[in-house]
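Written below as structure tokens is the structure these notes are about.
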Amino acid sequence: MTAVSIQRLSRAFGNEWAVQELDLEIASGEMIALLGPSGCGKTTTLRMITGLLRPTSGDLLFDGMSVVNIPTERRGAALIFQEHLLFPTMTVAQNVGFGLKMAGVNKAEILSRVNEMLDRVELSGFGNRKAHELSGGQRQRVALARGLVTRPKVLLLDEPLANLDANLRITMRQLIRSIQRELGTTAIFVTHDQEEAVMLADRIVLMFDGKLQQVGPPDEFYRHPRTAGVAKFFRSQNFLSGTRRGNIVATGAGDLVVSDTVIDTGDGPVIITARPETLRLSSGLNEQNSLAASVITSIYMGTHTQLIVQLQDAVWHVQAPPSTAVKEGDQIFVELPKSEIWIIEDEPESFALASALNDE
Amino acid sequence: MKLDRYSLKERLKIPLMVFPSMAVIVLLFGGGLVFGLLQSVGYLPVAGLTDFTFSHYVNVLTDPTFLRSLWVTFRIAFIVTLLSTIIAVGMAFVLREQFPGSRISTFVFQIPLPVPHLVAASAVILLFAQSGLISRIAVAIGFIDAPSGFPVLINDKLGVGITLSFVWKEVPFIGLVVLAVLQSVGPKYEELARTLGANKRQRLQYVLLPLIMPGLLSTWIIVFAFTFANFEIPLLLGQTFPQTLPVQAFQEFQKPELTSRPIGMAIATVIAAITIVLLVAYRRLARYSRA
Amino acid sequence: MTVKPILGAKCLKAIGLAAVIGAATPAATSAGEIAPGFDTWDDVLSAADGTTVNWFMWGGSETINGWVDKYFGEVVKERYNITLNRVPIGDTVDAVNLVLTEAQAGVTEGGSVDMIWINGDNFKTLKEAELLYGPWSESVPNAVHVNWNDPSIANDFGVSVDGLESPWGSAQMVWEYNSAYVSDPPRTFEATAEWIHSNPGLFTYPAPPDFHGLSFVKHAFYWAADDWSVFQKPFDQAVFDSIAPKVWAYLNDIEPDLWRGGQTYPAKIAALNELLANSEVYFGMALNPRRTSNFIKNGTYPDTIRTFVHDTGTLTNKNYVTIPSAASNPAGAMVIANYMLSTEHQLVQADPTRWGWGIPTDISTWTEAERAQLASYELGIATLPPGELAEAGLPEPHASWVVNMENGWIENVLKK
Amino acid sequence: MTLSSNQQSLKKMVKGRGLAERHPLNWTRWITVGVIWIVVVLPLTALFLRSFAFRWLFPDILPGQWGLRAWDYTFGESSRVIEALLNSIGVALLVTMLAMIVGLPTARALGMHDFRGKKVVEWILLTPIIVPVLVAVMGIHIVFIKLRLTGTIWGVALAHLIPATPYFVLVMSSVFANYSPALEETARSLGANKFRVFRYVTFPAISSGLLGASLFTFLISWSQYVTTLLIGSGTFVTLPLVLFPFLGGGNAAVGSAITLIFVAPAILVLVLTSRSLGRGSTVMGGFGKI
């Protein structure tokens, strides 16, 4: 069942489009990550969903009902701010119970629901503290409890882990995920960190420059990026142009066989990609999908060895076993497993231009 | 040795930094209060007063004129503080947002702040006297036909003229403090409250007012104490009788009869005592509101 | 007596000194002196040369301020090389108070005040406190123009002058009314009460201790007493008690129909002037009979304001300048006071086109030509002829009455 | 009274969002703006008109006859306005300078250090702001007379210093609270001597706050009436003293002209400081934290 439906949602600031024609359906209980570099429009989208910002055009539906004209306070979209914002004039319990109090819930019920929520976020007994007496992680948990206690239609989190240190991120991530699952709350969070998105979200929504790039489960962004931009955002630099004929892509370095499940682009020029960690070193050209390459750099990384190689006219990254002993200038063979090759949708001509600009 | 000298220098650093201003205040202000207190109990040998007595206090505190003055002074200060706060907070809420003309209007809003109180009094007289500009406009419109038809707003029983000139001055003061707090807080807390279902009234009551409260408390106490102790405005715009306490104190002090001076000082001491109580009460309150 | 001005830089050193000096002692003239510390007028002139005189005077009249700066400031600078520093004060009592406070603090010389425009009660206070310099006023050269045998000169509100102050001008109270609204002003207290009751809100008087307000109360006392000569003697409680109730009854009777229902009174005469100018009230009062015409001329008043006197007369008084015993520059002050009395200056001062101040000196000591010039002055549009004024003149009460009248008004009328 | 603040960082965060929306003029905003303009501009206009009116009698809304008489008198010698103006400026400058000398070190100590007795210092600073200065000045009057300070610019300046010092220190301490000493330390480590550190590091960092605080202090002295009346003994005349007799029923035209002269520097100061007084100001914020 669709909890939130975003239809051709757009927002302009002056002459600039912050968000352009965004379409998205979010199922009930789903956890969505709005991912993208800063300035891509993800926060603007979040604020439009909460109602703090009016869309320039488009529609927004909660449970099938348009909410564009419903003010924030009656929309039921709870927002967790990046700064772990707590009302400084209130205690923890007052903060958590704020939404219930606004809704006119009676005191006894507020008390029990607040205590229950504080238990869930592992802050029982902190009810009488003031905001400035809490650590960053504790503040974040109070903010989470406060957002969830009213059972919002949708929970929105703006960079929920951005201001926390590394260890705390892991515990908070787990906590957020588990509580969201338990309560079955529909949630959307904004992040610029693709790892965070992958680990937390059921589905990722990737945006560049106010436009939607790709929507799907996290693994698709690794294995099946739609564009070079998406692939690069997920830290893959490996692209090679060739000419497709059926399941064969002929490149300057040799022919590659691709799987039947690769998208159908028809015959003609295409660009293929494969992630560094899926590549293997092979013994020679005779093995299927092996291409000759020369080593530019080899960096020992502990768990693996990172090779940067020249593959025909492209520079590729290869994640080799840690014991790999090659050095600069060595000639090696890289095998691209058939199932791991993917064809991106970029036009080869425009890609050449873009990669010339982007590669440094 | 060098180490010792260094640490001595370090230890004396803060006291030396604090000393000059403390000396000025303790000597001039503290000294003034002490001399005033001594004069009020009739003991100040340098002035030829040697009879230690509380009779001036007894006389002052049992004098119905004093009690009426105290009430008038208190009432005016209270009304000024209340009115200024309500108007200032309301205006600050409007002015913190950007809209066409908001910048220039915020500037105009600040104009009375540095303007001396006497100027405010001067303008209030020109505008609100029974033959003042507003009365003349009322005549032109046809509401009244003679000055006597216009309500008495200067030198009046309720202190309307005094209140108006104080409010004119104090609104920007309170308003700018509130504006400064609101600006530094930003729109975040309100947005947060909205997402938690708080409507306009609830946001004001539960979020914004508690946020500006500490700032408001400080300005309240400053404005109240200032209004309570001001001399020239009630002297110009107050009625002949009863006058406010500072006017009464100063006039007693300035009377040619030498016996009046201790009485003036006794009234002044009572004013000081009341404001000190205010100060202490406020610090208590402030501690609670921030705890 | 040598006069050493103590400069600011020396003040700290003066602390110890000032602390040991006791109460002020009045100076006395010994035989052969023209004034305490001066044997001849030339001594005075040479002591005054190049000095500054701090003259404290009521500063609420721009006519008088301008007058003093021009006709004293410039002239005494040019002729005697004296710098006149006119110190404007809101009320003469402020200067009296300053002298008292300085004395209380042990200042016996080098005081702030050199000369005060004064009369009546304030003079009495300083004289009784023995804080005045002198005697000097009967021995300055131009004292020949003053008839010190005239009791109205030799007694200031009944208090003997004793050479401690020198006359400057003479005043007589007149009533003002707006002829645009009132055609025939009431000329008795009874008629005034009647007029007030039938025209509520259009009459008031300044609150004592304002001098004009006090004059109003004094007039009420004169009216209430069958014989006003009782006020010429020092204060008598029994007499006061027999007259005062009638006065308070009268003032309380008119109060509800005064301007603002009598809930407040104008604090200063200037406030009453403003009310009259703006037709908030129809009556005012002036202590200088020529002032009203001047006000019409300078735009303060509309040109429908006129003056009148009661059938029972109005109070006249002389006003003086005096010198405190702690004055830094008594010599300079005496030179100015002496110049004041010159016929040359009195003629300028009496000119209605300049100021029109009443003459306190004896014009029989003037030359024929000087008297002719005086007679040629034109009266202003609202000024009563000198004859009518002279006929209505009444002497002021003895100063000892005034404080009782003032306090009585505050207790029985204001606070009631 | 915690004068330190992290307003600065918060402000940056808010500004950084860049989401401050411009709102249209609805009726609440119309009324507020209208009231502000009328209430502020009308009195000043009335004063202006009155000063140029020769005769302005009831019930004329505009003066019946115009004239420069009030201004002639005001700038003439006998009004003493010029002398009073010079005295006012002189004493206010002196007070500002003295407040700066005694106040700057204290402000720095309060704004940048935590020390034992800080609370006591804050209390002492706060007292003259709340307890009327008139009371102390009345008490000390007799001592000033003995010291021959009455009637002198020094005496009046000392009296003005009582209210001026605490305000100066409190405002400056909130300026210092937002100032980081790290820059000074860097400069010293680079070999700058004490004077150079002050000249090139400290001063530029606090200069706008210092300007605001100084102008504020100037205005405190500028506005004093009753303290000058008492300590000046009437011989040291400042503008408010010259003005007072004309209010409440002196010559209103002259009163208005002097009032306009009296108000001019205040408006000038506002123009100079409107940025530091305006939105999110540390100076006004400092008051909120007293």
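Numbered from 1 within each chain, the chains take letters A, B, ... in sequence-line order.
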Evaluate the criterion side-chain hydrogen bond (donor to acceptor under 3.5 Å, both in side chains) for residue pair C:Lys415 and B:Thr65; output intermediate values, then yes/no. CA-CA 8 Å; C:Lys415 289 193 183 176; B:Thr65 306; 2.9 Å; yes
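A heavy-atom distance below 4.5 Å is found between the side chains of C:Thr101 and B:Arg261. For the pair B:Gln239/C:Tyr265, no side-chain contact is recorded, criterion being any heavy-atom separation below 4.5 Å from C-beta on.
The shortest heavy-atom contact between C:Thr264 and B:Asn155 is CG2-O, 3.0 Å. The two residues C:Ser279 and B:Pro147 come nearest to each other via the heavy atoms O-CG, 3.9 Å.
Rounding to the nearest 0.5 angstrom, the gap separating the CD atom in B:Gln130 from the CD atom in C:Glu280 is 5.0 Å. Taking CD1 of B:Ile154 as the start and CZ of C:Arg260 as the end, the distance is 7.5 Å to the nearest 0.5 Å.
Under a 3.5 Å cut-off, the side chain of C:Asn278 and the backbone N or O of B:Ser131 do not form any donor-acceptor pair.
Open room surrounds CZ on B:Phe74; 12 or fewer heavy atoms of other groups in view lie less than 6.0 Å from it. Within a 6.0 Å radius of OH in B:Tyr57, other residues, nucleotides and ligands contribute more than 12 heavy atoms.
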